[in-house]
Amino acid sequence: MTAPRRLIVGISGASGAVYGLRLLELLRGTDIETHLVLTRAADVTREHELDLSAKELRALATVHYPVTDIGAAIASGSFRTMGMIVAPCSVRTLAEIATGVTGNLLTRAADVILKERRRLVLLFRETPLHLGHIRNMLAVTEAGAIVMPPVPAFYSRPASLDAMVTATVCRALDLFDIDVGRLARWGEDLPTRPQRGDPTAG
Ligand SMILES: Cc1cc2nc3c(=O)[nH]c(=O)nc-3n(C[C@H](O)[C@H](O)[C@H](O)COP(=O)(O)O)c2cc1C
């Protein structure tokens with residue numbers, strides 16, 4: 001059974017709403033349907049961090065669900081998807097997923113992904129971490145999720161914050177075998193040996 005090309009995008013209230021935004025922007029140019037759910041706290045971080053209204057953000061998705069709509073399609077395992085990315089994932093959302101005590105549609109959808117053994121990628125953002133955070137990362141990993149803190153790589157020499165965000169989101173999409181053609185790859189687009197200027201020149 002091939003799952004329809006649908007991806008659930010969850011945006012929670014950790015810093016980094018731009019990761020969710022970029023995910024939706026990059027997927028708009030593809031054949032993949034995006035099913036978006038944002039927490040209430042994500043609306044607060046959006047206000048602080050992005051120059052875009054809630055309506056404009058929601059309009060980037062194929063389908064948007066209110067976070068209170070626990071009867072939505074994505075709350076059921078019979079609704080087939082490729083999986084879900086939570087970008088960014090807050091401490092609170094991680095904790096709900098780790099315990100299974102899911103209080104809103106985002107965490108319910110994530111729990112469904114785990115029970116159906118589909119792919120769940122969490123761009124967990126907090127620092128520094130206490131033992132409870134680490135235990136919750138362990139618990140979700142044991143349940144099958146992939147914890148992917150949005151930590152930038154520097155070997156590609158990103159020219160801007162924007163480039164760093166795009167690279168991180170593309171790496172998350174790689175985990176679903178989705179290539180939007182925006183990632184400079186080591187050994188492909190990026191040289192595996194340092195490229196310095198000619199030492200004999202000038
Ligand atoms: C500007 C701002 C930045 C925040 N950054 C983080 C963060 O990086 N990580 C985190 O776990 N919570 C962060 N929070 C706190 C969460 O929004 C808060 O714990 C909220 O209850 C999370 O709820 P949610 O998981 O339902 O989105 C931030 C809040 C604000 C207003």
Side-chain angles (χ1 to χ4, degrees), residues 6-27 32-46 49-50 54 57-58 60-70 72-77 79 81-127 129 132-151 165-166 168-176 178:
R6 289 179 188 139
L7 195 65
I8 305 172
V9 175
I11 305 181
S12 71
S15 185
V18 68
Y19 291 111
L21 167 63
R22 186 59 38 81
L23 198 48
L24 294 171
E25 287 173 339
L26 291 175
L27 290 171
I32 295 164
E33 285 177 20
T34 50
H35 291 251
L36 174 67
V37 57
L38 289 105
T39 64
R40 289 201 176 92
D43 246 340
V44 179
T45 50
R46 177 194 51 73
E49 299 179 351
L50 301 177
L57 183 59
R58 288 198 295 263
L60 293 171
T62 316
V63 184
H64 162 261
Y65 307 92
V67 75
T68 50
D69 184 6
I70 45 110
I74 58 172
S76 170
F79 185 73
T81 66
M82 301 165 76
M84 176 171 184
I85 304 184
V86 184
C89 179
S90 71
V91 165
R92 178 186 141 100
T93 289
L94 173 74
E96 284 200 17
I97 299 168
T99 57
V101 185
T102 58
N104 62 41
L105 178 62
L106 189 156
T107 50
R108 165 64 186 168
D111 196 60
V112 166
I113 295 295
L114 291 178
K115 86 180 172 71
E116 297 296 331
R117 308 301 195 266
R118 296 180 188 141
R119 181 140 290 192
L120 175 65
V121 175
L122 306 174
L123 270 64
F124 175 56
R125 205 230 77 96
E126 191 46 277
T127 193
L129 302 172
H133 302 143
I134 293 168
R135 286 206 171 110
N136 283 338
M137 286 197 281
L138 174 65
V140 296
T141 303
E142 284 175 339
I146 297 176
V147 179
M148 182 190 158
V151 180
V165 169
T166 298
T168 295
V169 168
C170 286
R171 292 299 300 274
L173 289 172
D174 265 2
L175 295 169
F176 293 83
I178 298 170

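Everything quoted here is computed from the prediction, not taken from an experiment.
Other residues, nucleotides and ligands contribute at most 12 non-hydrogen atoms within 6.0 Å of the CD1 atom of I70.
Closest approach of V151 and T168 over heavy atoms only: O-OG1, 4.4 Å. Of all heavy-atom pairs spanning L21 and I11, the tightest one is N-CD1, 4.4 Å. Between L123 and A172, the shortest heavy-atom distance links the atoms CD1-CB, 4.1 Å.
Of the possible polar contacts, none joining the R22 side chain to the G20 backbone as a donor-acceptor pair under 3.5 Å is found.
Atom CD1 of I32 and atom CD1 of I178 lie 3.5 Å apart (nearest 0.5 Å). Distance check: L120 CG to I146 CD1 gives 8.5 Å after rounding to the nearest 0.5 Å. Here L122 contributes atom CG and I97 contributes atom CD1; the two are 5.0 Å apart, rounded to the nearest 0.5 Å. In this structure, NE2 in H133 is found 8.0 Å from CG in L94, a value given to the nearest 0.5 Å. With rounding to the nearest 0.5 angstrom, the CG atom of L60 is 6.0 Å from the CD atom of E25. Note that CG of L27 and CZ of F176 are 10.0 Å apart. Values are rounded to the nearest 0.5 Å.
Put simply, the side chain of E49 does not reach to within 4.5 Å of the side chain of V18, judged on heavy atoms. Counting only heavy atoms from C-beta outward, the side chains of L38 and R58 approach each other to under 4.5 Å. The shortest side-chain heavy-atom distance between V169 and L173 falls under the 4.5 Å cut-off.
Residue pairs that meet the side-chain hydrogen bond (donor to acceptor under 3.5 Å, both in side chains) test with at least one member in residues 135-147, sequence neighbours left out, do not exist here. Note on residues 8-19: no pairs pass salt bridge (charged side-chain N to carboxylate O under 4.0 Å, His left out), not counting sequence neighbours.
Of the charged side-chain nitrogens involved, at least one lies within less than 4.0 Å of a carboxylate oxygen, so that R46 and D43 count as a salt-bridged pair.
Contacts of Y65 classified as ring pair (Phe, Tyr, Trp, His ring centres under 6.0 Å), with partners at least two apart in sequence or in another chain: H35. Evaluation of the side chain to side chain contact (heavy atoms under 4.5 Å, CB included) rule for A61 yields L24, T34, L36 as partners, not counting sequence neighbours.
Taking the ring centre of Y19 as origin, the terminal cationic atom of R125 falls outside the region bounded by 6.0 Å and 45° from the ring axis.
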Show every donor-acceptor pair shorter than 3.5 Å between a side-chain atom in residues 82-91 and any protein atom, with sequence neighbours excluded, or say none if there are none.
| unit_1 | atom_1 | unit_2 | atom_2 | d |
| --- | --- | --- | --- | --- |
| S90 | OG | R92 | N | 3.4 |
| S90 | OG | T93 | N | 3.0 |
| S90 | OG | T93 | OG1 | 3.3 |

Report all side-chain donor-acceptor pairs from residues 98-105 shorter than 3.5 Å, counting only partners two or more places apart or in another chain.
| unit_1 | atom_1 | unit_2 | atom_2 | d |
| --- | --- | --- | --- | --- |
| T99 | OG1 | A95 | O | 3.0 |
| T99 | OG1 | E96 | O | 3.2 |
| T99 | OG1 | V101 | N | 3.2 |
| N104 | OD1 | L106 | N | 2.9 |
| N104 | OD1 | T107 | N | 2.9 |
| N104 | OD1 | T107 | OG1 | 3.1 |

